[in-house]
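Not measured: the values here are computed from a predicted model.
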Amino acid sequence: MTDIPRVPRAATSRRNMLFGTAAGAALLATGCTSNENNDGKEESAGAQVADSKPGKKVTIGFAGPQADHGWLNAITTQAKNRAKKYEDVTLEATEGSNDNATQVGQVETLINKKVDVLVVLPADGKALTQAGLKAMRAGIPVVNLDRIFSTQQAYRCWIGGDNYGMGLNAGRYIGEQLKDKKNAKVVELAGIDNLELTRQRTKGFDDALKNYPNIEKVARQAAEFTVESGQQKMSALLQAQKSFDALWNHDDDQGVGAERAIKQAGRDEFIMVGGAGSKRVMEAIKKDDSVVKATVLYPPTMAASAIDLARALGQGKGIGGMAEYEIPAQVTLYSAVVTKKNVDDYLPIGFT
């Protein structure tokens, strides 16, 4: 097996920023670069810490899918805006594509340009794995964003959302709202069923509901993350279930269609929890005049965090806030639940 070259040393990032807080993905900290020994004298911790001050110039290659969805558009926007904040970063961004062969070609072009670090959100993690391996073997560290490659050898660091945790927190929120209601009924509007992320979200949701014996999930429909499919599948759920107490919708974009179907049916006896964290849904939560009461985040700020990680890797620096000298191999964001109580905190990262 071909050896994977060692990439620059770098420490981990500030925990609170990596895990999707409302403050966004501001990873950089004024962390300590030394420790005190028992005599009170300082000794080097062996790692430089990245901060917002200009340092070694780094060229970051960015390749993602086509921005044909609100969340994916936010990913690209977050990456580009983050890169602009650094005088020492040049971002080489490709045209997004959902065609695997095209995206592989785009990544190979960035490799041939000899960028310092690659950030890749693959349209299909398995299909792009060889491209990641090629970059790593060329000595270019890869930050794998969200959709994961088939092997850890294809990336230096993975950062992404927690699909299981997303379902888990949606289920916990609904469970707490309905825990005192006898024979409560819940329905689920899922995403694309042949995607692993959809299955993980459903599993997390089902596992959470097991803690509430008074609640039964009575129906589930799988949509396609589009407005049209959301409306169609929600109409089917409403026709099949004459009454229920809560709905979890996996995706706020398909939720536009779901809400249309709900209004057309004149139904309002249940609460609705969205998924991903669109600005539109957050504004509806704040207004509090519809069935929409919460959304579970899948923060697009992960793309900004990926740029921070790539910059630190390219400069061979660490990021303050944790004891480890190296950037972690994997960073999983937290899927916070946004409600009327905390919506103002999260509105700044809501995507359109």
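With respect to K286 and E283, no salt bridge is recorded, no charged nitrogen being found less than 4.0 Å from a carboxylate O. Salt-bridge formation is not detected for the pair K57/D88: no Lys NZ or Arg NE/NH1/NH2 atom is positioned less than 4.0 Å from an Asp or Glu carboxylate oxygen. A salt bridge does not link R260 to E228: none of the charged side-chain nitrogens sits closer than 4.0 Å to a carboxylate oxygen. A salt bridge does not link R220 to D206: none of the charged nitrogens lies less than 4.0 Å from a carboxylate oxygen. For the pair D308 and R82, the salt-bridge criterion is met [side-chain N within less than 4.0 Å of a carboxylate O]. Using a 4.0 Å cut-off between charged nitrogen and carboxylate oxygen, D124 and R147 do not count as a salt-bridge pair.
Considering only heavy atoms from C-beta on, K340 comes within 4.5 Å of D288 through its side chain. Within the 4.5 Å cutoff, the side chain of K233 has heavy atoms near those of the L189 side chain. In this structure, the side chains of N214 and N183 stay at 4.5 Å or more apart for every pair of heavy atoms. With contacts defined as side-chain heavy-atom distances shorter than 4.5 Å, the pair T295/D252 qualifies. The shortest distance between side-chain heavy atoms of L347 and K279 falls below 4.5 Å.
In this structure D68 satisfies the salt bridge (charged side-chain N to carboxylate O under 4.0 Å, His left out) test with no other residue, sequence neighbours excluded. Here F270 pairs with F244 under the ring-ring contact (aromatic ring centres under 6.0 Å, His included) rule; sequence neighbours left out. Residues meeting the side-chain contact (heavy atoms from CB on, under 4.5 Å) test with A154, sequence neighbours left out: T129, L133, F149, T151. F62 pairs by the ring-ring contact (aromatic ring centres under 6.0 Å, His included) definition with nothing, not counting sequence neighbours.
Identified under the ring-ring contact (aromatic ring centres under 6.0 Å, His included) test for residues 171-208, with sequence neighbours left out: F205-W248. Listed by first and then second residue, the side chain to side chain donor-acceptor pair (under 3.5 Å) pairs that reach into residues 108-119 are E92-K113, sequence neighbours excluded.
Hydrophobic clustering of Ile, Leu, Val, Met, Phe, Trp and Tyr side chains at less than 4.5 Å, counting indirect connections, keeps L168 apart from L247. Clustering ILVMFWY residues whenever any of their side-chain heavy atoms sit less than 4.5 angstrom apart, transitively, puts M166 in a cluster other than the one holding F225. Following chains of ILVMFWY side-chain contacts shorter than 4.5 Å, one cannot reach L297 starting from Y164, and the two form parts of different hydrophobic clusters.
Between E188 and the options Q221, R201, K217, a side chain to side chain donor-acceptor pair (under 3.5 Å) holds for only K217. Applying salt bridge (charged side-chain N to carboxylate O under 4.0 Å, His left out) to D245 and the options K179, R267, K181 leaves one that passes, K181.
Taking each heavy atom of A79 and I307 in turn, the nearest pair found is O-CG1, 3.7 Å. Minimum heavy-atom separation, F351 to A74: CB-CB, 3.4 Å. M234 and A261 make their closest contact through CB-CB, 3.9 Å (heavy atoms, listed as atom of the first residue, atom of the second, distance).
Judged by distance alone, the side chain of R311 and the main-chain N or O of V89 form no donor-acceptor pair under 3.5 Å.
To the nearest 0.5 angstrom, Q254 atom CD is 5.5 Å from S229 atom OG.
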